[in-house]
Enquirer: 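Quick one: structure below, then a few questions.
All chains are named by letter (A, B, ...) in the order of the sequence lines, taking the proteins before the strands, and each is independently numbered beginning at 1. Only this structure's heavy atoms are used, side chains among them; waters, hydrogens and symmetry mates stay out.
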Number of protein chains: 2
Amino acid sequence: MKTTSEQHDGPAAGPGSGLGTRERIVRATARLMQRQGYEGTGIKQISKEAEATLGSVYHFFPGGKQELAAEAIRHGDREFAEMLHRALEGRPDPAEAVLAVAQDVAAGLRASDWLDGCPVTATSLGTATHAPDIQRAAAEAFERWRGLVRDKLLACGFSAQDARELAHTVINTLEGAELTAQVARDEEPLLIAGRHLARLIGSYR
Amino acid sequence: MKTTSEQHDGPAAGPGSGLGTRERIVRATARLMQRQGYEGTGIKQISKEAEATLGSVYHFFPGGKQELAAEAIRHGDREFAEMLHRALEGRPDPAEAVLAVAQDVAAGLRASDWLDGCPVTATSLGTATHAPDIQRAAAEAFERWRGLVRDKLLACGFSAQDARELAHTVINTLEGAELTAQVARDEEPLLIAGRHLARLIGSYR
DNA sequence: CGCTAGATAGAGCGTTCGTTCTAGAGAGGT
DNA sequence: ACCTCTCTAGAACGAACGCTCTATCTAGCG
């Protein structure tokens, strides 16, 4: 048997990578759904990509595809939240920080040949009618990201209301600009968004 | 030819509505893919919703699902472009016009119980790898919308570069805010977006 | 009436879907 | 040794998928 997972083999569990089976499944799900969406991604494709068998997938995620998708969204949530946190804490000026985030997102998108858009959006879109768990996970992700931006603005002396509302627009504009950049295969929308957001934030001083 | 059904049955062609078969199919496709996405929508479901048979669907759209989706995107494109055009030409101040558009979008989204997001985004997301026609139709839709905003700004005396860049952010921010509003089931993101966009436009005077 | 072309009708193709199920492998406890 | 529990393995199921196919219907024209 290739692996009996973390408990048994310790840190070096996975066939290809050094990750446990469960983690490999989550990452494969996140990656695939980011590119192909929820409906466009099959569980068998996930199990193949993760180098795990169907049995393992349903062992770790008895809730099936929906549970898998919700977990994948939380994975993408954490990943972007960390990137956002680093960018914000590393720069005293929030306007500059947002600009840097936009540039980072643009660079990542281009590096994937315009394939890796926002994993939360891609995974949750189209599931509104029949998968409330997924919708909730997506809503929580956006909320967390907004919270990071809001706290930064609060720490910089913005009023509670201004900080909250600006956080909304910062995240939403980045989201929309990433979508457009992806479909146009051009990073300019994101760079423009960064500059405009910096300007908008600056207009509150 | 688009349809001979009108010729045959006269103005009251469709079973349910007064539309020709082809038009009913396009509208059903647009409506369903707006809610369920490209992969989440089946051709048989479309034919049932449109009160047309499978044979008719493939008669009018021999390119199959992809052709159908591209046509549906163009339908959504035209629809929003008209709404945008009306909102822009009815108001002298572009900032006020954008605010009104945001409110309109919010009202529409709420009226559909948060189900009808942007049809272009919902239909095109996740098709990047295997359906360039769809991607192109989506890119053209965004481009047209930006063009309308840009022309309005130009007519109001903005510089060519400012108008072009502002048009990008107006459309992108509305797009992102609509996504967030949909997943949060709350129109506030769109209303905030409208106010911030008005402020951003105003900051160029 | 026959002829033609556009449009409708839906059975059926092969494939893939998400999921279930049984069987067995491997490590730990006693 | 044995049992137990976790995890791996993949065959198999019914349903749905996109699409093809043949057959039929209607309208217009001679």
Enquirer: Quick check for you: among D:dG18, C:dG18, D:dC7, whose closest atom lies nearest to any side-chain atom of A:Ile43?
Expert: C:dG18

Enquirer: To the nearest Å, give me how far apart CG (B:Leu68) and P (D:dC17) are.
Expert: 14 Å

Enquirer: Are any of the side-chain nitrogens in A:Arg185 or A:Asp113 under 4.0 Å away from the carboxylate oxygens of its partner?
Expert: yes

Enquirer: Nearest nucleotide by nearest heavy atom, which residue falls closer to the 5' end of DNA chain C, A:Gln45 or A:Pro62?
Expert: A:Gln45

Enquirer: Roughly, in whole Å, what's the span from CD1 in A:Ile25 to C1' in D:dT6?
Expert: 14 Å

Enquirer: Could you check whether B:Ser47 gets within reach of a base, just the sugar-phosphate, or nothing at all, counting any heavy atom under 4.0 Å?
Expert: nothing

Enquirer: Are B:Glu49 and B:Gln45 close enough that a side-chain donor and a side-chain acceptor fall under 3.5 Å?
Expert: no

Enquirer: Nearest whole angstrom, please: distance from the P of C:dC13 to the CG of B:Leu54.
Expert: 15 Å

Enquirer: Using whole Å, report how far OH of A:Tyr58 lies from P of C:dT19.
Expert: 4 Å

Enquirer: Answer yes when B:Arg136 and B:Asp133 have at least one side-chain N-carboxylate O distance shorter than 4.0 Å, and no when they do not.
Expert: yes

Enquirer: Does the side chain of B:Gln34 reach to within under 4.5 Å of the side chain of B:Thr123, using non-hydrogen atoms?
Expert: no

Enquirer: Nearest-Å distance, NZ (B:Lys44) to P (C:dG12)?
Expert: 12 Å

Enquirer: Considering heavy-atom distances to DNA chain D, does B:Gly63 or A:Ser56 have its closest nucleotide positioned more toward the 5' end?
Expert: A:Ser56

Enquirer: In whole angstrom, what separates B:His130's NE2 from D:dG18's P?
Expert: 11 Å

Enquirer: How long is the line joining CD of A:Gln36 and P of C:dT16, in whole Å?
Expert: 14 Å

Enquirer: State plainly whether the residues A:Arg164 and B:Glu188 are in salt-bridge range, i.e. N to O under 4.0 Å.
Expert: yes

Enquirer: Does A:Thr21 put a side-chain nitrogen or oxygen below 4.0 Å from OP1 or OP2 of D:dT8?
Expert: yes

Enquirer: When you match A:Gly55 and A:Gly42 each to their closest nucleotide on DNA chain C, which lands nearer the 5' end?
Expert: A:Gly42

Enquirer: Tell me: CD of A:Glu39 to P of D:dA16, nearest whole Å?
Expert: 14 Å

